2 protein chains.
Amino acid sequence: MSVATVSRALKKPETVALHTRERILALVAQHRYVPDTLATSFSSGKTGLIGLIVPTIANSIYAAFTVAIQARLQAEGRKLLIANSNYDTALERDILIKLVESRVEGVILTGFRRDAELYELLRHYRIPFVVTWSTSPDPDIPAVSFDNEAAAELAVEALIERGHRNIAIVCGITAINDRADQRLKAYRRTLDRHGLPFNPDYVQERLFEFREGERAAEVLLQREPRPTALFCANDILALGALFAATRQGVRVPHDLSIIGFDDLPIAQSVYPTLSTVHVPAQEMGEAAAMKIVNCIEKNKKITHLRLESRVVFRESTDFHLKRDS
Amino acid sequence: MSVATVSRALKKPETVALHTRERILALVAQHRYVPDTLATSFSSGKTGLIGLIVPTIANSIYAAFTVAIQARLQAEGRKLLIANSNYDTALERDILIKLVESRVEGVILTGFRRDAELYELLRHYRIPFVVTWSTSPDPDIPAVSFDNEAAAELAVEALIERGHRNIAIVCGITAINDRADQRLKAYRRTLDRHGLPFNPDYVQERLFEFREGERAAEVLLQREPRPTALFCANDILALGALFAATRQGVRVPHDLSIIGFDDLPIAQSVYPTLSTVHVPAQEMGEAAAMKIVNCIEKNKKITHLRLESRVVFRESTDFHLKRDS
DNA sequence: TTGTAGGCGTTATCAG
DNA sequence: CTGATAACGCCTACAA
C-alpha cells in the first residue's frame with residue numbers, strides 16, 4: 001500500500017481494487033487523514049481558485065453579488081477567494097498581486113479603472129479576468145456589466161419629466177470610483193440635454209455610507225434654491241438622505257423627491273418606499289462566474305455582456321408642482 | 001545568484017548585500033516574477049490562513065462581523081478564507097473539512113451546534129478554533145459570544161412590562177440554528193416566569209429572509225386573539241413583519257409592537273424606527289480574530305469571552321393599553 | 001492492479 | 001553574504 005495507491009483510492013477510486021480501496025478508506029477515516037490541498041495544488045498545478053475583488057461586502061448589493069458568484073462557483077466545484085478593496089486603489093493593487101501569488105485561475109474585478117500594469121500582470125500570467133459593474137472604453141478588457149450612464153440618465157430624466165428643475169446629486173467619490181464618475185457624468189449630460197444649468201453646489205461626493213447620505217442631504221437642503229429632487233447614486237446614500245430629510249421635517253416626496261440606485265431589498269420597506277434604479281447584481285455575478293469558468297475549462301474567449309437595468313418607481317418620487325409657500 | 005538568494009532578497013532583505021538585492025529586485029520587476037504562495041506555504045508549513053464559516057454574508061449582520069474579522073486579520077498579516085454554510089449542517093461539515101484540507105491555521109465558527117466529530121477533527125490537527133454568536137454548554141469549546149438567552153429575555157420582558165400579554169415570536173429554524181433555539185427558549189421561559197401561557201400558534205420558525213418575515217406576520221395577524229406584540233429574533237424578519245403589518249393597515253406600534261434582534265444600521269431608518277436588541281457583532285469578530293491569532297503565534301490558550309448586548313428602544317414598541325374596538 | 005521515482009517552487013540548513 | 005541541496009506531500013508516468 002504505497003502513497004500512490006492511497007492517492008488513487010481517494011481521487012480516482014475506480015482505478016483501485018475494491019478491497020484495497022476499502023482498506024484505505026477505513027484507514028483514512030481512522031487516522032482522520034485529510035489530504036493537503038496545498039500539496040495537491042502545488043503538485044497538479046491547479047488550484048481551482050477564482051479571485052474576486054469587490055469594494056466591500058458590507059454594502060449589501062455587493063454581498064448579493066458575491067453570494068451569487070460563490071454559489072455558482074461552488075456548483076462548478078471551484079473555490080472563491082474574496083477580497084475587499086475598500087475603494088482603495090493601492091490596496092486593490094496589493095490584493096490583486098496577492099491573488100496572483102495565490103495562483104488563482106481567474107479573477108473577477110469590480111470597475112475597470114486601475115493601473116494598466118495590473119491588467120498586464122494578469123495577461124502575463126495568462127489569468128483570465130472579467131470586469132463587472134462598469135465597462136472599460138478599452139474593448140480588450142472584457143466586461144459583464146450594465147450601462148451605468150444610461151441607467152443614471154433614466155433616473156435623472158424621470159425627475160425632470162416630473163417637473164423637477166432643481167435636482168441635486170449625491171454620488172460616490174468620482175476620483176476613486178468609476179461608477180460614481182459615470183453616474184455623475186450622466187447627470188450632467190442629462191441636465192444639459194434638457195437645457196438645465198449644472199450647479200456645482202448641488203453635487204455631493206460621498207463615501208457609500210448611511211451617515212454620509214444624511215450629511216449630504218443636510219448640506220443640500222441648505223442650498224438656495226433648495227433642490228426639490230435628489231438623485232443618489234446608491235441606495236445606502238438615498239436612505240441616509242431620506243432619513244435626514246424626514247428628521248428635518250422635509251416631507252418625502254411632497255417637499256423632496258428622492259431616487260436611489262441599486263434596488264436593495266430594503267428599498268421596498270422604508271417609508272416612503274424608495275424609487276431606485278434596479279441593477280442586475282445577481283445575474284451579473286452568475287454571468288461573470290460562468291464566463292471565467294468557461295474560459296478556464298473550455299478555453300472560451302470572454303466576450304462582453306451588457307445586462308439591463310431599469311428604474312423602479314415607488315413612493316419617494318413625486319411630481320413637482322408649484323405650491324403655496 | 002541562486003534561488004536561495006532570490007528567496008532571501010524577497011523575504012529577508014536585510015540578510016542580502018545591497019547590490020545583490022537591487023539586482024534581484026530589478027530582475028523580479030522586469031520578469032513580473034510573483035512568488036508562488038502555494039509553494040511557499042507548502043515549503044514553510046505556514047499558510048497564514050484563518051478560516052471563517054458564517055451562515056451567509058448576505059445578512060448584513062454577518063457581513064459586518066466578517067468585515068471586522070477581515071480587517072483585523074489583514075492588520076495581522078493574515079488571510080481570511082470565508083465560507084458560507086447557508087444554515088446547512090451537511091454543507092458546513094464539507095466546508096470545515098475543506099478548510100482543514102486548505103491547512104488553515106485557525107478557524108472561527110458560528111454557533112456551537114455541530115457534530116462532535118468535527119471538533120475532534122480540529123483538535124486532531126491542532127487547529128485552534130473559536131465559536132461565536134453562541135456559547136456551548138461544553139466548556140472545552142471556546143466561545144466569544146454574548147448571552148443570547150439573556151438578550152432575548154430582556155426583549156420579551158420589555159414587551160411584558162409594557163402591558164403586552166399576547167406576544168408572538170418569529171425566529172429562525174430551531175432545528176438548524178442554535179441561536180434561534182436559545183432565543184425561543186428564552187421567550188418561553190420569560191412568559192413562564194411572568195405567568196403567561198405559551199401558545200404554539202404564536203410561534204413562527206422561518207428562514208432569515210425579509211419575505212419570510214412578511215409571511216410570518218401575515219399568519220400571526222390572523223391568530224385569535226391577535227398578538228399585540230411581536231418578538232422577531234432577527235431584524236430582517238422584523239422588517240418584513242413591519243412591512244407586512246403596515247401594508248395590512250395594522251399600525252405599528254399603535255396596534256402592534258415589534259422588536260427585532262441585531263440592530264442593523266437600517267433599523268434606525270425605517271418607519272417607524274425599529275426597537276431591537278443590539279448585538280456586539282464587530283467586537284465579537286475582532287475579539288475572535290485576536291484570540292485565534294494569539295493562540296497561533298503566542299500559544300495563548302483561548303479563553304471564553306462574553307460580550308454585552310442590550311435592548312435599544314425606538315418607535316416600533318409601545319405600551320399596550322385597552323382601547324375601544 | 002499496484003509500486004517506484006521524478007518533479008512541482010520555495011525555504012531552511014549547512015558549508016563555503 | 002551566498003550557493004548547493006534536502007525536504008515539504010502529492011500526482012503522474014512508467015514499470016512491474
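Just so it is clear, the structure is predicted and the values come from calculations on it, not from any experiment. Proteins come first, then strands; the chains are lettered A, B, ... in the order of their sequence lines, and each starts at number 1.
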**OP:** Report the distance from atom CG of B/Leu91 to atom NZ of B/Lys98, rounding to the nearest 0.5 Å.
**Re:**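 With rounding to 0.5 Å, CG (B/Leu91) is 10.0 Å from NZ (B/Lys98).
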Considering only side-chain heavy atoms of [X], which listed nucleotide, [options], is closest?
X       : options               : answer
B/Ser2  : D/dA4, C/dG9, D/dC10  : D/dA4
A/Tyr33 : D/dC8, C/dA5, D/dC10  : D/dC10
B/Val3  : C/dT11, D/dC11, D/dG9 : C/dT11

Is it true that the side chains of [X] and [Y] contain a donor and an acceptor less than 3.5 Å apart?
X        : Y        : result
B/Lys46  : B/Thr40  : no
A/Arg183 : A/Asn148 : yes
A/Arg103 : B/Thr37  : no

**OP:** Test ring-ring contact (aromatic ring centres under 6.0 Å, His included) on A/Trp133 and A/Tyr62 and set out the steps.
**Re:** CA-CA 10 Å; A/Trp133 292 91; A/Tyr62 290 122; 4.9 Å; yes
Would you mind reading off the distance between [X] atom [atom1] and [N] atom [atom2], rounded to a whole angstrom?
X       : N      : atom1 : atom2 : result
B/Leu10 : C/dT11 : CG    : P     : 8 Å
B/Lys46 : C/dT10 : NZ    : C1'   : 15 Å
A/Leu38 : C/dG9  : CG    : P     : 14 Å
A/Asp36 : C/dG9  : CG    : P     : 17 Å

Side-chain donor-acceptor pairs of residues 138-145 of chain A under 3.5 Å, sequence neighbours excluded:
{"from": "A/Asp138", "atom 1": "OD1", "to": "A/Asp140", "atom 2": "N", "distance (Å)": "2.7"}
{"from": "A/Ser145", "atom 1": "OG", "to": "A/Ser134", "atom 2": "N", "distance (Å)": "3.1"}

Original post:
If we only count heavy atoms from C-beta on, is the A/Ile50 to A/Leu81 side-chain gap below 4.5 Å?
Top reply: no
Original post:
Side chains of B/Lys12 and B/Thr15: does their closest heavy-atom pair fall under 4.5 Å?
Top reply: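 Yes; the side chains approach each other to less than 4.5 Å.
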Original post:
Is any side-chain N or O of A/Arg8 under 3.5 Å from a base N or O of C/dG3, one able to act as donor and the other as acceptor?
Top reply: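 Flag set: donor-acceptor pair detected.
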**OP:** Look at the side chain of B/Ser7 and the base of C/dG9, then say whether one donor and one acceptor between them are separated by less than 3.5 Å.
**Re:**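 Looking at the base of C/dG9, it does not pair with any donor or acceptor on the side chain of B/Ser7 (distance under 3.5 Å).
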Original post:
Counting distance only, does the side-chain N/O of A/Lys291 pair as donor-acceptor with the main-chain N or O of A/Val130 below 3.5 Å?
Top reply: no
Subject >> Phosphate-side-chain proximity, B/Ser44 and C/dT11, N/O vs OP1/OP2 below 4.0 Å >> reply: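 Answer no for this pair, as no side-chain N or O of B/Ser44 is under 4.0 Å from OP1 or OP2.
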**OP:** Verify the contact: side-chain N or O of B/Lys11 to OP1 or OP2 of C/dT11, cut-off strictly under 4.0 Å; return yes or no.
**Re:** yes
Original post:
Has B/Phe42 got its ring stacked on the base of C/dT10, with centres under 5.5 Å and planes less than 30° apart?
Top reply: no
Original post:
Between the two end axes of the helix from C/dT1-D/dA16 to C/dG16-D/dC1, each built from 5 base pairs, what angle do you get to the nearest 10°?
Top reply: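 The helix from C/dT1-D/dA16 to C/dG16-D/dC1 shows an end-to-end axis angle of 40°.
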Original post:
Which part of the nucleic acid, if any, lies within reach of A/Thr40 when heavy atoms closer than 4.0 Å are counted: base, sugar-phosphate only, or nothing?
Top reply: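 Result for A/Thr40 = sugar-phosphate.
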Original post:
For residues 12-28 of chain B, which residues have at least one heavy atom under 4.0 Å from DNA chain C?
Top reply: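 Heavy-atom contacts with DNA chain C come from B/Lys12.
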